[in-house]
Chemist: 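Structure below; questions to follow.
Chain letters run A, B, ... following the sequence lines, proteins first and then strands; every chain starts at 1.
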2 protein chains.
Amino acid sequence: MSRASERAYAEIRGLILSGDAPPGSPLTEEALADICGVSRTPVREALRRLESELYVVRSESQRLFVASWNAEDLGEMFALRAMLEAHAAARAATRISADALAALRAGNGRLAAAIAADVPDVATFLMENRAFHEIVITAAASPRLATMLAALVEQPVVRRTAARYNRAELARSAHEHGELVQAFAARDAVWAQAVMTGHIRRAFHAFSAAEPVK
Amino acid sequence: MSRASERAYAEIRGLILSGDAPPGSPLTEEALADICGVSRTPVREALRRLESELYVVRSESQRLFVASWNAEDLGEMFALRAMLEAHAAARAATRISADALAALRAGNGRLAAAIAADVPDVATFLMENRAFHEIVITAAASPRLATMLAALVEQPVVRRTAARYNRAELARSAHEHGELVQAFAARDAVWAQAVMTGHIRRAFHAFSAAEPVK
DNA sequence: CCCCGGTAATTTGTATACAATAACATGAAC
DNA sequence: GTTCATGTTATTGTATACAAATTACCGGGG
């Protein structure tokens, strides 16, 4: 995708992620074209992509809306994510490079230190958390798996989960990441898979408890 | 998607599935527009969709080609399919309706009878096989899971696997479907998941043995 | 013979105009 | 007051023209 449609994609995605375009709100091509400063053509391409990534949904009459979700959707997304990401962890355990493993260890060390020092910098946590999971997915070396996971993890509602952690949950998350590093170091696929399954499912339940979906 | 782009999508997809557009061959918008009898605009939309469904791949210079695969890709696709479809079977076991279960039983009965009577009608088998798996996926009631599976199962190379079965493999497949029906009737998610896992993995190994990828 | 520029040809990207379709509002009939 | 028909408006779908980028080809130089 080239310049204009790429810009439009980033712009519209930003509107959705920031909440400026809330779930369920309609998206018209012309309005978005004005906002992005391009014509409708690249906007249409961006919307197609956002649709395939489940950011937007299309009504039977071809009108587009920001995707919304209910409790059932959320449960479904996390169940799939747990399964796929645990599979990724299992693959990563036997494939991860020494460099990548070191990067995981370093990132998690930084995070643990910040938590221990009682510096609950949420932005830092989100960044480190994201980097951790991305390294694991890359190490799994399965492009289709990566694509599928991206469709789940990039969903705004899923990204929001980690932002809601309290201090105890941050510490728990960092501890689980630490255990994953151990499992990777031991090249133990079964162990890694089990830890990741629990890691994701606990994240889901902590989030559900904290922010019950209407 | 509306008339012209829908037609273009079906037309181009047909070219890929039939082999008229073999893996690796380039796809230019104008040529496809001529073939489909529409302008480039709906062709572009169709190609975007085919790209998101992995039928076509895009080079770094934005040129499109029919997707190709190697042995590693094939193994990856089947590993993912086994995991996802086993999950679908597990969900279906506790959710499937009496009607859907009856449809599975009936379809598999027809198939078993045809095999027993030594009528190896491949087209019939493919149709029944496809219907069986589709009922299971529908019964799983997880739209995201269905989308992910479709991206795998619809791949030409995957669809080809079942077409290569010999008589013994047909019988085996029908028998496994029968066991799945039993597991569903018993509402046994663990059993259904295990049977489906083996079913897909055996299909993969039978195919790999019969048609080693260059 | 190979390599390197430069130009022509091909291909994709974007903008715009117009057509088709769906949503909406208005008003008449019951 | 409700309902249905109809015209109006808004929105999406398609075609086309042109711009930008990439590729291919050709000629000259090393």
Chemist: Please report the closest heavy-atom contact between A:I96 and A:R187, naming both atoms and the distance.
Modeler: O-NH2, 3.2 Å
Chemist: Please tell me which of the listed nucleotides, C:dG13, D:dG13, C:dT21, lies nearest to the side chain of A:R44?
Modeler: D:dG13
Chemist: Could you check how far CZ of B:R7 sits from P of D:dG13, rounded to whole Å?
Modeler: 15 Å
Chemist: CD1/A:I137 to CG/A:L145 distance, rounded to the nearest 0.5 angstrom?
Modeler: 7.0 Å
Chemist: Tell me the interatomic distance from B:L64, atom CG, to D:dT23, atom P, rounded to whole angstroms.
Modeler: 13 Å
Chemist: Which nucleotide sits closest to the side chain of B:A4: C:dA23, C:dA15, D:dT14?
Modeler: D:dT14
Chemist: Give the rounded distance in Å between these two atoms: CD of B:E6 and C1' of D:dG13.
Modeler: 13 Å
Chemist: Among C:dA23, C:dT21, C:dG13, which is the nearest nucleotide to the side chain of B:Q62?
Modeler: C:dG13
Chemist: Where each residue is assigned the nucleotide of DNA chain C containing its nearest heavy atom, which of B:R40 and A:E60 is assigned the position nearer the 5′ end?
Modeler: B:R40
Chemist: If you apply the rule side chain to side chain contact (heavy atoms under 4.5 Å, CB included), what do you find for B:V153 with B:E85, and how did you get there?
Modeler: CA-CA 10 Å; B:V153 175; B:E85 202 150 347; 4.2 Å; yes
Chemist: From C-beta outward on B:T41, which listed nucleotide comes closest to its side chain: D:dT11, C:dA15, D:dA15?
Modeler: D:dA15
Chemist: Could you walk me through whether A:R13 and A:E53 satisfy the salt bridge (Lys or Arg N to Asp or Glu O under 4.0 Å) test, starting with their C-alpha distance in whole Å, then the side-chain angles of each, then the deciding distance to 0.1 Å, before giving a yes or no?
Modeler: CA-CA 10 Å; A:R13 186 168 171 275; A:E53 293 171 357; 5.1 Å; no
Chemist: Answer yes or no: side-chain N or O of A:S61 and base N or O of C:dA22 forming a donor-acceptor pair under 3.5 Å.
Modeler: no
Chemist: Could you work out which one of D:dT12, D:dT14, C:dA15 sits closest to the side chain of A:E29?
Modeler: D:dT12
Chemist: Does some side-chain heavy atom of A:D99 sit less than 4.5 Å from a side-chain heavy atom of A:L101?
Modeler: no
Chemist: Any side-chain N or O of B:S5 under 4.0 Å from OP1/OP2 of D:dT14?
Modeler: yes
Chemist: Heavy atoms only, 4.0 Å cut-off, all strands: where does A:L47 land among base, sugar-phosphate and nothing?
Modeler: nothing
Chemist: In this structure, how many angstroms lie between the C1' atom of C:dT11 and the CG atom of B:L27, rounded?
Modeler: 13 Å
Chemist: In whole Å, I'd like the distance from the CD atom of B:E45 to the P atom of D:dA15.
Modeler: 11 Å
Chemist: Rounded off to whole Å, could you give me the CG-to-C1' distance for the B:D34 and D:dA15 pair?
Modeler: 14 Å
Chemist: Specify the residue among B:E30 and A:R63 whose closest nucleotide of DNA chain C lies further upstream toward the 5′ end.
Modeler: B:E30
Chemist: What's the closest nucleotide to the A:S39 side chain, out of D:dT14, C:dT16, D:dT23?
Modeler: C:dT16
